[in-house]
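Heads up, the thing below is written out as structure tokens.
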Amino acid sequence: MPQPVFRQYRQHEAMVLPPCLDDLIEPGHPCRIVSDVIDRLDLSELEATYRGGGASSYDPLMMLKVIVYAYIVNVYSGRQIARLLKESVVFMWLPGMSFPDFRTISLFRSRRPGNGVFDGIFAEVVTLLNGEGLVSPDVQYIDGTRIESAASKYTFVWKKSVEKNREKLKAKVTAVLARAQEIAGSEASEGDTGDTPEDFAERGRRLLERMDEMKKEGKEKSEEDKALRRELKKVDGEYADRLRDYAAKLEIMGERNSYSKTDPDATFMRLKEDAMLNGQTKPAYNVQISTENQFVTHYGIYQRPGDTATLIPYLKSFYDTYGFHSREICADSGYGSEENYDFMFGNGMLPYVKYNMFHKEMKKAFKNSAFKVDNMFYNAAGDFYVCPKGQRLNFSHTEKSVSGLGYVSQVSVYKACNCEHCPARGMCYKGKGPQRIMEVNHTKNEYRARARELLTSERGLEHRSRRPIEPESVFGDIKFNHGFRRFRLRSLPKVHIEFGLAALAHNLRKYAGIIASKMTGEGEMMAA
């Protein structure tokens, strides 16, 4: 029976010539693609963030390569990156055998690319991809998702609760001051008009001083007066501090309805990624992205849970980054508001953006419903509608409608003469009045008609078929395939950088795959 033969194993044998790490990295490896792309970028703005003087710093070119490649291979922890720098051949090769510790990595990631520096780096990579014909910034497929913050989910502050408690405390303080005023007399009431914590504290101090004088004069009559003096001390102390705390919380909150104490920039939102898939309220950020050919061409982080309010600032940020607006915008019905259409049409964009009634209007039942406003005959010259029974609904007046974002719309009101004895009244409207009253927003209807024309065109059908496999598949890849479901940094600027790194890693990962497939194809052709 032949004996097995093993290759030589000499663990502690020294080599005359040490191996070169470059020889251990195969051609077409993603780390080579990352290194090559970042070498071609202009990092002068990133280098300008270093003040100079003192100890030498690690090269920002090297730091960026290491962190971006770590995100490509799903490593997001600074400590784990630092460990791999001493254990992985690839991580040794990228920094050229430099070993920054986890603090250096974390500080670089959270601070150096701030103030828009990373936006320029990301845009430069997109421009590079555009130059190779892989993406076109003239088209944006836009969608959003909510990603959980690093904050604790039990540190919530709710706006309604803060406002309610503040008003209750103000009422209590006002009652205490009013009662003290009755006892202290009218001479202590001058200038008592403000309701800020400082105003309440000042009034409380004056009234307390007056009551202290009354005590010395022997005019304090009962235990009630003593209790009132104790409450006045709280007005100048505990109550004023609580009112200042409420004011500070409302200032942090701004227009939001909540925030987290451990990450004040995070807003509590409904998330789907819980075990039962029924949603949980957690501190999170609303992440918006644009994609084309499943590459991320732009991204933004917002504190509002809904997508409607994010579109205009998002498109403005795209313009600030690239210097132009995309020609075509494709998004779902969450973005189809009058204000958004007004902005897109007004800036020369073609919005292939659905509105909330788009699919319902396409159904046969809707088109056959003669009593709906959209299906009634409208005489533009006379500005009146005609119902299916021949009765005119004449223009009555115009009203203003203000959205939650402050956008003002003009709504025209139309009234019928008398619908009381109409045999079709039950099919026409359900109001109790003798006449039907309709509110029509002609501007919004015009925008919707133009959007509907775009959406039902040949180009619109192409965009509608591509949209579900553009941003949604990118989010699925980033969140589920590569485990980026929760931020690790806190505050809006840092979260912006962190997701930017994830988006850049996604683009370079996809780009590396394209390069590798080309190299494989060329190798097969040469072999043939």
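Computed from a predicted structure; not experimentally measured.
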- Please assess Tyr259 against Phe268 for the test ring pair (Phe, Tyr, Trp, His ring centres under 6.0 Å), listing each intermediate value before the final yes or no. CA-CA 6 Å; Tyr259 74 89; Phe268 278 79; 8.8 Å; no

- Message: I'd like to know whether Phe384 forms a ring pair (Phe, Tyr, Trp, His ring centres under 6.0 Å) with Tyr414, so could you lay out the CA-CA distance, the side-chain angles of the two residues, the decisive distance to 0.1 Å, and finally the verdict.
- Response: CA-CA 7 Å; Phe384 63 85; Tyr414 297 84; 9.2 Å; no

- Distance under 6.0 Å and angle within 45° of ring axis: Lys444 vs Tyr341: no

- Without swapping roles, check the side chain of Thr155 against the backbone of Ser152 for a donor-acceptor pair under 3.5 Å. yes

- Message: Main chain of Asn293, side chain of Glu470: is a donor-acceptor contact present, judged purely on distance under 3.5 Å?
- Response: yes

- Query: Parallel, tilted or perpendicular: which fits the ring planes of Tyr378 and Tyr385, with parallel below 30° and perpendicular above 60°?
  - Reply: tilted

- Taking all atoms of both residues into account, what is the closest heavy-atom pair of His442 and Asp383, and its distance? NE2-OD1, 4.3 Å

What pairs of donor and acceptor atoms, side-chain ones from residues 129-136 against any protein atom, are under 3.5 angstrom apart with sequence neighbours left out?
{"from": "Glu132", "atom 1": "OE1", "to": "Tyr511", "atom 2": "OH", "distance (Å)": "3.0"}
{"from": "Glu132", "atom 1": "OE2", "to": "Tyr511", "atom 2": "OH", "distance (Å)": "2.8"}
{"from": "Ser136", "atom 1": "OG", "to": "Asp138", "atom 2": "N", "distance (Å)": "3.4"}

- Name all residues meeting the side-chain contact (heavy atoms from CB on, under 4.5 Å) criterion together with Asp332; count only those two or more places apart in sequence or in a different chain, and write none if there are none. Asp143, Tyr335, Arg467

- Message: Can you classify the ring geometry of His325 versus Phe343 as parallel (below 30°), tilted (30 to 60°) or perpendicular (above 60°)?
- Response: perpendicular

- Could you list the residues that satisfy side-chain hydrogen bond (donor to acceptor under 3.5 Å, both in side chains) with Thr297, not counting sequence neighbours? none

- N/O donor-acceptor pair under 3.5 Å between Arg111 side chain and Arg109 backbone: no

- Item | Among Arg466, Arg327, Lys510, salt bridge (charged side-chain N to carboxylate O under 4.0 Å, His left out) partner for Glu292 | Arg466

- Note on the structure: Taking every heavy atom of Lys367 against every heavy atom of Glu361, the minimum-distance pair comes out as CE-O, 3.5 Å

- Task: Please report the shortest heavy-atom distance between Met376 and Val386, naming the atom on each side.
- Result: CB-O, 3.8 Å

- Where Tyr285 and Ala266 come nearest, the two heavy atoms and their spacing: OH-N, 3.5 Å

- Can you tell me if NZ on Lys261 sees more than 12 non-hydrogen neighbours from other groups inside 6.0 Å? no

- Query: Should the heavy atoms of other residues, nucleotides or ligands under 6.0 Å from NZ of Lys389 be counted, would the total exceed 12?
  - Reply: no

Just distance, no hydrogens or angles: give the donor-acceptor pairs under 3.5 Å from side chains in residues 304-316, sequence neighbours left out.
{"from": "Arg304", "atom 1": "NH2", "to": "Glu255", "atom 2": "OE1", "distance (Å)": "2.8"}
{"from": "Asp307", "atom 1": "OD1", "to": "Asn286", "atom 2": "ND2", "distance (Å)": "3.3"}
{"from": "Asp307", "atom 1": "OD1", "to": "Gln288", "atom 2": "NE2", "distance (Å)": "2.8"}
{"from": "Thr308", "atom 1": "OG1", "to": "Gly334", "atom 2": "O", "distance (Å)": "2.6"}
{"from": "Thr310", "atom 1": "OG1", "to": "Asp307", "atom 2": "O", "distance (Å)": "2.7"}
{"from": "Tyr314", "atom 1": "OH", "to": "Ser290", "atom 2": "N", "distance (Å)": "2.8"}
{"from": "Tyr314", "atom 1": "OH", "to": "Ser290", "atom 2": "OG", "distance (Å)": "2.5"}
{"from": "Tyr314", "atom 1": "OH", "to": "His298", "atom 2": "O", "distance (Å)": "3.1"}

- Please name the residue in the list Phe484, Phe487, Phe499 that meets the ring-ring contact (aromatic ring centres under 6.0 Å, His included) test with Tyr76. Phe484

- Task: Output yes when a side-chain donor or acceptor of Arg486 lies under 3.5 Å from a complementary backbone atom of Ala150, and no otherwise.
- Result: yes

- Going through the checks in order, is the side chain to side chain contact (heavy atoms under 4.5 Å, CB included) test met by Val287 and Arg146? CA-CA 6 Å; Val287 180; Arg146 299 168 187 177; over 6 Å; no

- Query: Could you go step by step and tell me if Cys419 and Gln391 meet the side chain to side chain contact (heavy atoms under 4.5 Å, CB included) rule?
  - Reply: CA-CA 9 Å; Cys419 304; Gln391 185 172 178; 4.0 Å; yes

- Item | Arg270 and Thr281: CA distance, side-chain angles, deciding distance, side chain to side chain contact (heavy atoms under 4.5 Å, CB included) verdict | CA-CA 4 Å; Arg270 297 287 291 181; Thr281 302; 3.3 Å; yes

- Message: Could you walk me through whether Glu238 and Arg242 satisfy the salt bridge (Lys or Arg N to Asp or Glu O under 4.0 Å) test, starting with their C-alpha distance in whole Å, then the side-chain angles of each, then the deciding distance to 0.1 Å, before giving a yes or no?
- Response: CA-CA 6 Å; Glu238 177 188 343; Arg242 283 170 57 187; 3.6 Å; yes

- Pair Arg459 + Glu328: basic N to acidic O under 4.0 Å: yes

- Taking side-chain contact (heavy atoms from CB on, under 4.5 Å) as the test, write out the residues that go with Ala123, two or more places apart. Thr321, Tyr322

- Task: Mind checking side-chain contact (heavy atoms from CB on, under 4.5 Å) for Glu399 and listing every partner two or more places apart, or none if nothing turns up?
- Result: His397, Val413, Glu439

- Item | Check: Asp265/Ser491 side-chain N/O donor and acceptor closer than 3.5 Å | no

- Determine, for Asp241 against Arg244, whether the closest basic-nitrogen to carboxylate-oxygen distance falls under 4.0 angstrom. yes

- Task: Check the pair Asp477, Arg509 against salt bridge (Lys or Arg N to Asp or Glu O under 4.0 Å), reporting the backbone distance first and the verdict last.
- Result: CA-CA 11 Å; Asp477 184 61; Arg509 188 188 301 116; 3.7 Å; yes

